[in-house]
Amino acid sequence: EPEVTQTPSHQVTQMGQEVILRCVPISNHLYFYWYRQILGQKVEFLVSFYNNEISEKSEIFDDQFSVERPDGSNFTLKIRSTKLEDSAMYFCASSRYSGRSASTDTQYFGPGTRLTVL
Amino acid sequence: KNQVEQSPQSLIILEGKNCTLQCNYTVSPFSNLRWYKQDTGRGPVSLTIMTFSENTKSNGRYTATLDADTKQSSLHITASQLSDSASYICVVSASGGSYIPTFGRGTSLIVHP
């Protein structure tokens, strides 16, 4: 069964460094998402992406974050200058149709990348 | 402000027993409500998705209900199994402009043999 994959599974970085988290969505999916979950807290939406542009972004997704689909398979989240509070599990998800309005498309989540900022 | 509240925060039951988890929301205008199962250290897995016109949906031993008037949903698990031990998350999305979903904090379910 197709699944969303993410690399690396764990990333440790120093505060102020740039990190790139990578995701390979399910091949025939059109919509891509990033979420984060700080340890012990609820999942939070970061951004959705469709047709090579951002569809929605939350207040968390500020100028230090960017997303890109550099080729036909990868979807990346870049954090330019990491802060201690960026330490979290980052989940990528994909869905076949739009996440807007009353759509009932299923989102498939990857296993996550645990980011630790020291 | 859109909010999703889940109860109980945690629940311990014996294998084979049934249980019901609750979700109350203030998201408006309502688009859809999703229940996810999240195993520790893993990504959420979709269980059910319901729109305004649906008041019940089943997925195997999982049955979700929705009362859009009172803005409440429940997830009923029948004949629990050890593998049901996980966090169950309620997520509500609005319509009419912003898709951004609102997540609940989840109910941590532990099933004991």
**Q.** Interface moiety of B:Phe52 toward chain A, non-hydrogen atoms closer than 4.5 Å
**A.** neither
Q: Answer with yes or no whether the side chains of B:Gln22 and B:Glu5 bring together a donor and an acceptor at under 3.5 Å.
A: no
Q) With a 3.5 Å cut-off and no angle check, do the side chains of A:Tyr33 and A:Ser95 form a donor-acceptor pair? A) yes
Q: Could you check if a side-chain atom of B:Thr63 sits within less than 4.5 angstrom of a side-chain atom of B:Thr56, using non-hydrogen atoms only?
A: yes
Q) Can you say whether the rings of A:Phe75 and A:Phe32 are parallel (under 30°), tilted (30 to 60°) or perpendicular (over 60°)? A) tilted
Q) chain B heavy atoms under 4.5 Å from A:Tyr108: which part of the residue, side chain, backbone, both or neither? A) neither
Q. So which part of A:Gln6 gets closer than 4.5 Å to some heavy atom of chain B, the side chain, the backbone, both or neither?
A. neither
